[in-house]
Amino acid sequence: MNILFKTMGIVFVMSATLSFSLTHNRMLDNRKQELRRLYSLLLQLKSEIQYMNNPLPEIFAKLSIQTKAPFGIWFSDMAMRTEDEKAESFSAIWISGIEYLKAQSALNNEDIEPLLELGERLGNGDVATQMKAIDYTLLHLENNRKVLEGEMEQKKKVTLTLSLFLGTMIWIVLI
């Protein structure tokens, strides 16, 4: 009976450590995909401002239809709040939208920081200033994506190795 409990404990511990490793690796994959989607969406935002000369609420509504969560919800909320005449300033709306995005996406603080800076420039000033701000944000997002891709395989291997090592050490303690 004692050996049965130890065996079950070993199986549970190994399953938990493997699950942790897979969850962490899936989060890295999600971050990479979301960085690519965000890059693409900001390119669309740039072209809508530069070539179509559409107002921001209309652009946000259009982008919300074209993408899925969390970006679709983010753009939809931004569209509704910027159209509301009683709403707070665009900067405040943008910051609260970024906070939502930070909570609901796999993006980290390094990815969110350029978006916060973009909110200070977007909707203010001339089109050239807005284009430069979007280009600056795109540059940082692309750099973050390249760094992540360069480190991703190594991080995945380290996470898997450490979780299996931890599981094995706990297994040895249980025996």
Next on the checklist: Is there a salt bridge (charged side-chain N to carboxylate O under 4.0 Å, His left out) between Glu149 and Arg36? Walk through the geometry before answering.
Outcome noted: CA-CA 11 Å; Glu149 284 181 352; Arg36 284 184 177 172; 2.7 Å; yes
Next on the checklist: side chain to side chain contact (heavy atoms under 4.5 Å, CB included), that's the test. Do Glu117 and Thr137 meet it? Break it down for me.
Outcome noted: CA-CA 8 Å; Glu117 293 176 19; Thr137 304; 5.9 Å; no
Next on the checklist: Using the rule given for side chain to side chain contact (heavy atoms under 4.5 Å, CB included), can you reason through Met152 versus Asp29, listing the C-alpha separation, both sets of side-chain angles and the distance that settles it, and then say yes or no?
Outcome noted: CA-CA 8 Å; Met152 204 158 100; Asp29 288 332; 2.9 Å; yes
Checklist entry - Can you tell if the side chain of Ile98 reaches within under 4.5 Å of the side chain of Trp94, non-hydrogen atoms only? => result yes
Checklist entry - Less than 4.5 Å apart, any side-chain heavy atom of Tyr51 and any of Lys46? => result no
Next on the checklist: Do Thr17 and Phe165 make a side-chain contact, defined as non-hydrogen atoms from C-beta onward lying under 4.5 Å apart?
Outcome noted: no
Checklist outcome for this item: Closest non-hydrogen atoms of Ala133 and Arg121, given as atom of the first, atom of the second and distance, are CB-CB, 3.5 Å
Checklist entry - What are the two closest heavy atoms between Ser96 and Ile93, and how far apart are they? => result OG-O, 3.0 Å
Next on the checklist: Given Leu166, which partner from the list Leu162, Thr168, Ile170 fulfils the side chain to side chain contact (heavy atoms under 4.5 Å, CB included) test?
Outcome noted: Ile170
Item to check | Side-chain heavy-atom pair Met80, Asp84 within 4.5 angstrom cut-off | outcome: no
Checklist entry - For Lys102 and Asn108, does a side-chain donor sit closer than 3.5 Å to a side-chain acceptor? => result no
Item to check | Within one Ile-Leu-Val-Met-Phe-Trp-Tyr cluster: Tyr136 and Val147, side-chain cutoff 4.5 Å | outcome: no
Item to check | Atom of Leu122, atom of Gln130 and distance for their closest heavy-atom approach | outcome: CD1-OE1, 3.8 Å
Item to check | Residue pair Arg31, Glu34: steps toward the salt bridge (charged side-chain N to carboxylate O under 4.0 Å, His left out) verdict | outcome: CA-CA 5 Å; Arg31 179 177 170 222; Glu34 287 181 2; over 6 Å; no
Checklist outcome for this item: To the nearest 0.5 Å, atom CG of Leu101 lies from atom CD of Glu99 at 10.0 Å
Checklist entry - Should Arg81 and Asp77 be marked as a side chain to side chain contact (heavy atoms under 4.5 Å, CB included) after you check the CA-CA gap, both sets of side-chain angles, and the distance that decides it? => result CA-CA 6 Å; Arg81 292 177 67 190; Asp77 182 54; 3.3 Å; yes
Checklist entry - Under 4.5 Å between any side-chain heavy atoms of Glu113 and His140, yes or no? => result no
Next on the checklist: To the nearest 0.5 Å, what is the distance between OG on Ser21 and CG on Leu164?
Outcome noted: 6.5 Å
Next on the checklist: Quick one, Leu107 and Asn144 - any side-chain contact, counting heavy atoms below 4.5 Å?
Outcome noted: no
Item to check | Enclosure of Arg37 CZ (heavy-atom neighbours >12, cutoff 6.0 Å) | outcome: yes
Item to check | Spatial distance of atom CD (Glu142) from atom OH (Tyr39) [nearest 0.5 Å] | outcome: 5.0 Å
Checklist entry - Looking only at heavy atoms, what is the nearest atom pair of Pro70 and Ser105, with distance? => result CG-CB, 3.7 Å
Checklist entry - Just wondering, more than 12 heavy atoms not from Tyr100 lying within 6.0 Å of its OH? => result yes
Checklist entry - How long is the span from the CD1 atom in Ile59 to the CG atom in Leu41, to the nearest 0.5 Å? => result 12.5 Å
Checklist entry - Can you find a heavy atom in the side chain of Leu28 that is under 4.5 Å from one in the side chain of Thr159? => result no
Item to check | Verify same cluster id: Leu139, Leu43 (apolar side-chain graph, 4.5 Å) | outcome: no
Checklist entry - Given side chains that start at C-beta, do those of Ile65 and Phe75 come closer than 4.5 Å, heavy atoms only? => result no
Checklist entry - After noting the C-alpha distance and the side-chain angles of Glu153 and Lys157, does the key distance pass the salt bridge (charged side-chain N to carboxylate O under 4.0 Å, His left out) rule? => result CA-CA 6 Å; Glu153 289 305 315; Lys157 287 179 184 177; 5.8 Å; no
Next on the checklist: As a quick check of understanding, evaluate side chain to side chain contact (heavy atoms under 4.5 Å, CB included) for Asn54 and Ile49, giving each step before the final call.
Outcome noted: CA-CA 6 Å; Asn54 290 332; Ile49 292 171; over 6 Å; no
Item to check | Cluster overlap Leu18 with Ile172, hydrophobic side-chain contacts below 4.5 Å | outcome: yes
Checklist entry - At what distance, to the nearest 0.5 angstrom, does NZ of Lys32 lie from CZ of Arg145? => result 8.0 Å
Item to check | Cluster check Val11, Met169: I/L/V/M/F/W/Y, side chain < 4.5 angstrom | outcome: no
Checklist entry - How many angstroms lie between CG in Leu160 and CZ in Phe20, if you round to the nearest 0.5 Å? => result 11.5 Å
Next on the checklist: According to a hydrophobic-cluster definition based on side-chain heavy atoms being under 4.5 Å apart (Ile, Leu, Val, Met, Phe, Trp, Tyr only), do Phe12 and Leu4 belong together?
Outcome noted: yes
Checklist entry - Looking only at heavy atoms, which two atoms of Phe90 and Thr82 are closest? And how far apart? => result CD1-CG2, 3.7 Å
Item to check | Side-chain donor/acceptor of Thr161 to backbone N/O of Val158, under 3.5 Å | outcome: no
